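Here's the structure we're looking at; comments come further down.
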2 protein chains.
Amino acid sequence: MDTVFHALAHEARRGMLRRLASGECTVGELAEPLTMSLEAASKHVKVLERAGLVHRTVDGRRHVCRLEPDPLASASAWLHFYEQFWNQRLDTLEDLFQSRRPRKGNKR
Amino acid sequence: MDTVFHALAHEARRGMLRRLASGECTVGELAEPLTMSLEAASKHVKVLERAGLVHRTVDGRRHVCRLEPDPLASASAWLHFYEQFWNQRLDTLEDLFQSRRPRKGNKR
DNA sequence: TTTATATTCAACCGCATGGTTGATCAATCG
DNA sequence: CGATTGATCAACCATGCGGTTGAATATAAA
């Protein structure tokens with residue numbers, strides 16, 4: 001999980017994922033739009049691989065990458081915990097409307 | 001955006017967010033369940049703040065933190081780009097069933 | 001006022017990151 | 001075959017991260 005979020009924390013890698021979402025491509029193709037060397041891009045791909053977000057198949061001298069979306073899905077699911085926060089806020093708001101007692105838990 | 005994902009890439013910080021989702025609390029309270037020093041925890045809070053995920057109000061000597069869920073929501077929204085990938089996959093699958101022509105774009 | 005509590009700040013350490021360059025390897029092209 | 005292409009590997013460098021310790025700040029409690 002940490003590795004997934006870490007992988008997402010870099011614009012270059014997010015770009016790669018976006019690219020891969022519309023079809024598999026090679027390391028070179030992933031590197032091409034970037035302003036860095038191929039070696040650097042290759043390292044980014046490795047980070048994505050380590051996070052389980054990308055799978056690589058070696059086809060001749062080309063390394064073809066494809067998106068592995070499951071970790072993205074579970075990261076997204078994890079992220080949704082904050083909805084609980086919203087629901088709770090709404091509940092509190094409702095309480096305020098329903099009963100006009102002074103709000104509890106105001107410890108200033 | 002980078003900063004949000006970076007902030008999420010650490011278990012301690014995710015724990016803090018989870019904690020904050022069920023109500024505001026102080027830096028000390030956030031630090032308490034962790035196995036690290038208060039200073040270290042304080043740094044983590046600062047990272048969350050920098051990412052816009054947490055807002056702090058100084059109340060006497062206590063620094064009270066509360067969750068700021070908007071960045072989480074937009075990170076979550078960003079993450080959903082991968083659904084496009086799934087839809088595309090299903091389309092391709094459908095194509096295979098509908099017409100039995102050899103699949104296009106197979107450049108091996 | 002003295003003491004204790006809540007927190008930050010500053011300096012330091014070890015280690016990972018993100019980038020470079022130069023060399024290497026494997027596969028394809030002439 | 002030799003030359004070129006696609007990619008990795010290894011070494012290096014600067015920077016940032018995550019943690020520590022020790023001191024400083026500010027508020028609250030005795």
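Each chain gets a letter, A, B and so on, in the order its sequence line appears, and its residues count up from 1. Keep in mind that this is a model prediction, so the values were computed, not measured.
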- Message: Over all strands shown, is A/Lys46 touching base, sugar-phosphate only, or nothing at heavy-atom distances under 4.0 angstrom?
- Response: sugar-phosphate

- Query: Nearest-Å distance, CZ (A/Arg14) to P (C/dG18)?
  - Reply: 12 Å

- Message: Judged by each residue's nearest nucleotide on DNA chain C, which is more toward the 5′ side, A/Met36 or B/Glu49?
- Response: B/Glu49

- Item | Nucleotide of D/dA7, D/dT8, C/dG19 approaching A/Ser42 most closely (side-chain heavy atoms) | D/dT8

- Message: Whole angstroms only, please: what is the CG-C1' distance between B/Leu38 and D/dA24?
- Response: 14 Å

- Message: Strictly below 4.0 Å: does A/His63 bring a side-chain N or O up to OP1 or OP2 of D/dT8?
- Response: yes

- Item | Distance, rounded to the nearest Å, where A/Lys43 contributes NZ and C/dT21 contributes C1' | 11 Å

- Check step by step if side-chain contact (heavy atoms from CB on, under 4.5 Å) holds for A/Val47 and A/His6. CA-CA 9 Å; A/Val47 171; A/His6 168 251; 4.1 Å; yes

- Give the C-alpha distance, both sets of side-chain angles, the deciding distance and a yes or no for side-chain contact (heavy atoms from CB on, under 4.5 Å) between A/Leu53 and A/Leu20. CA-CA 10 Å; A/Leu53 290 163; A/Leu20 287 169; over 6 Å; no

- Query: Nearest to the side chain of B/His10 - D/dT8, D/dG18, C/dG18?
  - Reply: D/dG18

- For B/Phe5 and C/dT17, what is the distance between atoms CZ and P respectively, to the nearest whole Å? 18 Å

- Query: When only distance counts, do a donor and an acceptor, one from the side chain of A/Arg61 and one from the base of C/dA27, lie under 3.5 Å apart?
  - Reply: yes

- Task: State whether the side chain of A/Arg13 and the backbone N or O of A/Ala7 hold a donor-acceptor pair below 3.5 Å, judged by distance alone.
- Result: yes

- Message: From the set C/dT7, C/dG18, D/dG18, return the single nucleotide nearest to any side-chain atom of A/His6.
- Response: C/dG18

- Distance, nearest 0.5 Å, that separates NE2 of B/His80 from CG of A/Leu72: 10.5 Å

- Minimum-distance nucleotide (side-chain atoms of A/His44 versus D/dG18, D/dT8, C/dG19): C/dG19

- Item | Under-4.0 Å salt bridge between B/Arg14 and B/Glu11 | yes

- Item | Whole-Å distance separating the CG atom of A/Asp59 from the P atom of D/dA7 | 10 Å

- Euclidean distance, atom CG of residue B/Leu48 to atom C1' of D/dG18 [Å, nearest integer]: 14 Å

- Query: Can you tell which of C/dG18, D/dA7, C/dT20 lies closest to the side chain of A/Ser37?
  - Reply: C/dT20

- Query: Mapping B/Arg50 and B/Thr35 to their closest nucleotides on DNA chain D, which lands nearer the 5' end?
  - Reply: B/Arg50

- Item | Any A/Arg56 side-chain N or O less than 4.0 Å from OP1/OP2 of D/dA7 | no

- Let me know the distance between CG of B/Leu34 and C1' of D/dT20, rounded to the nearest Å. 15 Å

- Note on the structure: Of B/Glu39 and A/Ala12, the one whose closest nucleotide on DNA chain C sits nearer the 5' end is B/Glu39

- Check step by step if side-chain contact (heavy atoms from CB on, under 4.5 Å) holds for A/Val64 and A/Glu24. CA-CA 7 Å; A/Val64 179; A/Glu24 63 183 31; 3.8 Å; yes

- Task: With the side chain of A/Ala40 defined as its heavy atoms from C-beta on, choose the nearest nucleotide among C/dG19, C/dA6, D/dG18.
- Result: C/dG19

- Message: In this structure, how many angstroms lie between the C1' atom of C/dT7 and the CZ atom of B/Arg62, rounded?
- Response: 12 Å

